[in-house]
Amino acid sequence: MWVSSNKLLSSRKYVKHVSFIRLYAVSALAHLNFALSNPIEELQTIDTHEKNLVTNHFVEKDKVKVVETLKYLRKDPVLAFSFFNQLKENGFCLDPHAYAAIVRILCYWGWDRKLDSLLLELIRKERDLDFKIMNLFEALAEGFESECSNILVRVSDALVKVYVTVGMFDEAIDVLFQTKCRGFVPHILSCNFLLNQLIERGKIDVAVNIYRQMKAFGLSPNDYTYTIAIKAFCRKGSLDEAVDVFREMEECRVTPNAFAYTTYIEGLCLHGRSDLGFEVLQAWITAKIPIDLFAFTVVIRGFCNEMKMKEAENILHDMEKQGFAPDVYMYGALISRFCMVGNLFKALALHDEMVSKGIKTNCVIVSSILLGLSHMGMASEVANQFKEFKEMGIFLDKACYNVVMDALCKLGKVEEAVALLVEMKGKQMVPDIINYTTLIGGYCLKGKVFDAWNLFEEMKKNGHKPDVITYNVLAGGLSRNGLAQEALNLLNDMETQGVKPNTVTHNMIIEGLCIAGKVDDAETFFDNLEEKCLESYSGMVSGYCEADHTKEAFDLF
DNA sequence: GGAAGCACTG
């Protein structure tokens, strides 16, 4: 990298800088070579205080040089970034001015991703730094007036984004609201991103508070901000306040777009008012308000959730008369709900209708059909349908494979299920923990505990971290097959892996041991539980029943 | 800046 960049710059000054760069790229102790012939040995002979003095003296001098060098390399961002990284890797203590220098270069060249990762790295190691991230703003503010405001806005936007991404909302809010006193205002998009993520993480009240205060901080909401506010009020169930947002938009002369209207309709549907949602949708269509097809999906889904299947289906068929063509999402909502309630006849009829209209089906819809069959106890039919869909050339993903593997396992055909895992791998699909868990359960069901264990090991070897469900399935399998000690060992393994056992884990072990006839072991395990909740008692009662210890079951009950 | 499905107990 140094060589190619050498071609770009060839002045004497450049040579001086390159030699400085090389010197620093060697090792963390290298900078002490300036003064000491045998640095390590000499440092060992002086006391810590003196050592710090020596080190600090050179480090201070070098810090200035680093900033100068970075400023000089502004036209060569590749070299500058590389130099900066070398210093970091070699443990050179970089101060806010060095960071400010590289940040200016990244901003100048529009290297947004690199800026994001640099800030993320700073956040991650802020505790080990001898400065605060806010000091970076002070260092940046010392730049040229003309560019500094621009850079401050960009850096605070990037910082808000990074803080939000890692879930550090308080810090993101601080950045957003400290900016006014620094004389600049971040982009509204950063604020929107923050608000939206707050809502996604369930922090609705925080989002609403920010929305209410943002104007005072010089931030002007745009159409998207208002849509997020509508979403927040709808999630809270404050539908009247959601309507107030539309009024506010009118006052501020911001025109609502299709997103805003649909968000409000979705709010009504979420609160069991799909009928009202549909009325509003129709009224808005009549008023020629811009609405897109997504609003129909929202209302159809709403009716499906309320189990008003006739209404949901009517929308799909009536909208065509109004000149709107239903799409795969609307059919998908209906098909999956019909599958869920066991009306496969209706689900398949709608699927045929959809395909006959030239709308291509997809693996999500296929999976809901397969799951519907499975829930109806039609495991063989699941395998047949799967084969048919495959022969039709429809792409079938991990979830589809899983439904079939699960059905085969329930039929006791675990080997056939494992053959599908092999088939997946042959298609370059990487099985996930759900696929592995299904098969581990399948082997356990057949009493093939060692095969289950091997699969568990394979899964870990392939880089998949088992979750609580995987552990529960395996713990249950071990217990049911009488391997009490192995189940307890697995419980310890869970803890060391940082996976917390839950009531289900405990009950899988208790009931499993009882099924295996090891009622004494189950009782000991139950008695040793640190916290017993109602479900724990249920587990032990069920266990007694499984083992025909009816009297003990009743006494405990 | 918005779209759905799969693995553990009852």
Side-chain angles (χ1 to χ4, degrees), chain A residues 188-189 191-197 199-200 222-231 257-267 292-298 300-301 304-305 327-337 339-340 361-372 374-375 382 386 396-407 409-410 417 431-442 444-445 459 464 466-477 479-480 501-512 534-536 538-543 545-546:
Chain A
I188 187 67
L189 290 186
C191 184
N192 290 347
F193 183 62
L194 168 68
L195 290 174
N196 207 21
Q197 290 298 310
I199 296 172
E200 291 309 314
N222 64 7
D223 55 346
Y224 176 38
T225 321
Y226 286 118
T227 303
I228 297 172
I230 292 168
K231 179 157 77 174
N257 57 23
F259 283 80
Y261 291 114
T262 308
T263 304
Y264 176 66
I265 293 174
E266 194 172 23
D292 61 23
L293 283 181
F294 184 52
F296 284 98
T297 311
V298 161
I300 290 174
R301 253 196 345 234
C304 285
N305 289 336
D327 64 13
V328 68
Y329 291 105
M330 299 170 203
Y331 272 105
L334 279 163
I335 292 168
S336 93
R337 180 57 63 160
C339 287
M340 219 182 273
T361 188
N362 61 38
C363 58
V364 179
I365 294 178
V366 166
S367 74
S368 69
I369 292 174
L370 296 175
L371 195 67
S374 180
H375 284 158
V382 174
F386 176 76
L396 302 168
D397 67 356
K398 293 175 199 184
C400 292
Y401 269 87
N402 198 66
V403 178
V404 195
M405 293 195 294
D406 189 52
C409 287
K410 282 179 181 138
D432 58 19
I433 61 170
I434 299 183
N435 300 134
Y436 278 110
T437 305
T438 301
L439 295 176
I440 290 169
C444 289
L445 213 57
M459 155 182 171
H464 296 293
D467 66 3
V468 68
I469 301 182
T470 315
Y471 277 108
N472 290 353
V473 169
L474 188 55
S479 309
R480 264 200 319 271
N502 55 24
T503 334
V504 181
T505 321
H506 299 144
N507 286 357
M508 296 286 279
I509 294 176
I510 293 169
E511 291 175 53
L534 181 63
E535 281 78 12
S536 318
S538 305
M540 193 65 236
V541 170
S542 299
C545 292
E546 294 277 1

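A note on names: the letters A, B, ... follow the listed sequences, proteins ahead of strands, and every chain is numbered from 1. Predicted model, so just to flag it, every value in this text is computed and none were measured.
- A:S538 meets the side chain to side chain contact (heavy atoms under 4.5 Å, CB included) test with no other residue; sequence neighbours excluded.
- Identified under the side chain to side chain donor-acceptor pair (under 3.5 Å) test for residues 361-371 of chain A, with sequence neighbours left out: A:H351-A:T361.
- Residue A:S368 is classed as having no contact, given no heavy-atom separation below 4.0 Å to the nucleic acid.
- To the nearest 0.5 Å, atoms CG (A:L396) and CZ (A:F386) are separated by 5.0 Å.
- Note on A:C339: nothing from the nucleic acid sits closer than 4.0 angstrom, heavy atoms only.
- Residue contacts for A:V504: at a heavy-atom cut-off of 4.0 Å it reaches a base atom on one of the strands shown.
- Listed by first then second residue, pairs satisfying salt bridge (Lys or Arg N to Asp or Glu O under 4.0 Å) with a partner in residues 257-266 of chain A read A:E266-A:R301, not counting sequence neighbours.
- Residue A:N222 is classed as having no contact, given no heavy-atom separation below 4.0 Å to the nucleic acid.
- Within 4.0 Å (heavy atoms only), A:E511 reaches sugar-phosphate atoms of the nucleic acid but no base atom.
- Contacts of A:S336 with the nucleic acid, taken as non-hydrogen atoms under 4.0 Å apart, are absent.
- At the heavy-atom level, A:D327 lies under 4.0 Å from base atoms of the strands shown.
- Of all nucleotides in DNA chain B having an atom under 4.0 Å from a heavy atom of chain A, the first and last in 5' to 3' order are B:dG1 to B:dG10.
- Applying the side chain to side chain contact (heavy atoms under 4.5 Å, CB included) criterion to A:Y329, with sequence neighbours excluded, gives A:T297, A:D327.
- A search for side chain to side chain contact (heavy atoms under 4.5 Å, CB included) contacts involving A:L371 returns A:H375, A:V403, not counting sequence neighbours.
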